[in-house]
Number of protein chains: 2
Amino acid sequence: MSLRHAVLGLLVQRPSTGYELAKLFDRSLMTAWHARHSQIYPELTKLESRGFVEVASEGPRSSRTWRITREGREELRAWLVEKEPSRIQRNESAVRLFFAGMLAPGDRQVACERDLAYVNEQIRMLEETREQVLAATPPQYFLPTIELGLRVNAVYRDWLQEQIDQAEHEAGEIHD
Amino acid sequence: MSLRHAVLGLLVQRPSTGYELAKLFDRSLMTAWHARHSQIYPELTKLESRGFVEVASEGPRSSRTWRITREGREELRAWLVEKEPSRIQRNESAVRLFFAGMLAPGDRQVACERDLAYVNEQIRMLEETREQVLAATPPQYFLPTIELGLRVNAVYRDWLQEQIDQAEHEAGEIHD
DNA sequence: CGCATCATGTAAGCTGTTACATGATTAT
DNA sequence: ATAATCATGTAACAGCTTACATGATGCG
């Protein structure tokens, strides 16, 4: 179960409330795993009952800051190193791209342009995050994954632009 | 719901049995969406009740070959072009890479080498598929997505090799 | 005072996994 | 014969989404 280990991983970075974890899932982890607060709060309770997390402090508005325990770190390490990864992926955008080639050129262009706008926005956000991470001393452990995200998104950007150019070309041919 | 539209998309390619669709999910669509036969058979029944697919023929072993209807094609097109895509992704391997930077160099190297072996195998399979698709006349609509898969996997391969080299270097420093 | 944000939680319903269950056909 | 593959289906359970529900704190 990735949710459990994603929560443990985020708590290694910094003790956090459930609310903060929900924001981190939306920001740092968005392209890897997604989780809502309605899943995160019950998961924290489960992780506590297994001894993997504990309440570090209580704050205003009945907030609780959770921290990972030694057992939690061991569980995370075992998952990362010893457990055979599941290669199953679920990516709606990839399903769309797979079938985009069946569309008429005009429709295909519309679909690819929408994706290109999204990819460019992702690149912008990753560049922004990279600046912040580089400014921290020492740079945080996930700097290489930001670099990876930038490279993968550059591939998507170039490929989408090629598909758009190709679709424009095909649309032109029809009217010749 | 991507499962529904992935089934419709696969049926545009070629009328298929549920069993064949399950194999296609494992092969062509593996990096985009995953589905088991226990989900595919009930989904075909639902799609039939909505008029999006119909039985094209019945064969041996109580097999039924399904084909997409005109209404099904319209539904698929509307989904691809008009519906705002969900950008939610679930990718356990990406979660692992995100947290790999927290591991000790030796552990990180083990994790990255396992992924590199997988990525190299993916590249081998994509190259094989590309040859088959290029041999077909005319080349099938999903040729560009195979090219995209190859480019993305090349990025992963190079990045993983860099992480492995870096981890080896760090491991060396410790013993200096 | 009112709005945005912080903060947590539960319930109903849908989606997806694993396991169970059955049987036909083909190849060795 | 018997093993592998083809072929379909259901049930129990786990995971995830959407909606409901509540209230505190900080800012303008």
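First the proteins, then the strands, lettered A, B, ... as listed; each starts at 1.
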Query raised in the report: Just how far, in rounded Å, is P of D:dG15 from CZ of A:Phe25?
Result: 14 Å

Report task. May I have the distance from A:Glu20 (atom CD) to C:dT8 (atom C1'), rounded to whole angstrom? Result -> 13 Å

Query raised in the report: Separation of A:Glu48 atom CD from C:dT8 atom C1', in whole Å?
Result: 14 Å

Query raised in the report: What are the two closest non-hydrogen atoms of B:Pro85 and A:Glu92, and how far apart are they?
Result: CA-OE2, 3.7 Å

Query - Options C:dG9, C:dG16, D:dC16, nucleotide nearest the side-chain atoms of A:Arg64 - result: C:dG9

Report task. State whether the distance check finds a donor on one side and an acceptor on the other, under 3.5 Å, for side chain B:Thr17 versus base D:dT8. Result -> no

**Report entry** Nucleotide D:dC16, atom P - distance to CG of A:Asp26 in whole Å
**Finding:** 15 Å

Query - For B:Leu3 against B:Ala35, the heavy-atom pair lying closest together - result: CD1-CB, 3.6 Å

Query - Length of the line joining B:Lys46:NZ and C:dC14:P, which is rounded to integer Å - result: 9 Å

Report summary line: The nucleotide from C:dA7, D:dT18, C:dG16 with an atom nearest the side chain of A:Tyr19 is C:dA7

Query raised in the report: Would you say A:Tyr41 reaches C:dG9's phosphate, i.e. side-chain N/O to OP1/OP2 under 4.0 Å?
Result: no

Query - Atom-to-atom span, CG of B:Leu44 to P of D:dT8 - whole angstrom - result: 9 Å

Query raised in the report: Are A:Leu11 and A:Arg67 side-chain neighbours, meaning at least one heavy-atom pair lies under 4.5 Å?
Result: no

Query - Side-chain donor/acceptor contact of B:Ser63 with base of D:dT8 under 3.5 Å - result: no

Query - Nearest-Å distance for atom pair CD/P, residues B:Gln39 and D:dA7 - result: 21 Å

**Report entry** Passing candidate, side-chain contact (heavy atoms from CB on, under 4.5 Å) with A:Val155, options B:Leu150, B:Asn153, B:Val152
**Finding:** B:Val152

Query raised in the report: Quick one: B:Met1 CE to C:dC14 P, roughly how many Å, whole number?
Result: 11 Å

Query raised in the report: Which part of the nucleic acid, if any, lies within contact of B:Arg4, taking any heavy atom under 4.0 Å across all strands shown: a base, the sugar-phosphate backbone alone, or nothing?
Result: nothing

Report task. With A:Arg96 as the cation and B:Trp79 as the aromatic partner, state whether NZ or CZ is under 6.0 Å from the six-membered ring centre and within 45° of the axis. Result -> yes

**Report entry** Whichever of A:His37 and A:Arg61 has its nearest DNA chain D nucleotide further upstream toward 5'
**Finding:** A:His37

**Report entry** Closest to side chain of B:Trp33, choosing from C:dT8, C:dG16, D:dT25
**Finding:** C:dG16

Query raised in the report: Between C:dT18, D:dT17, C:dC6, which one does the side chain of B:Arg90 approach most closely?
Result: D:dT17

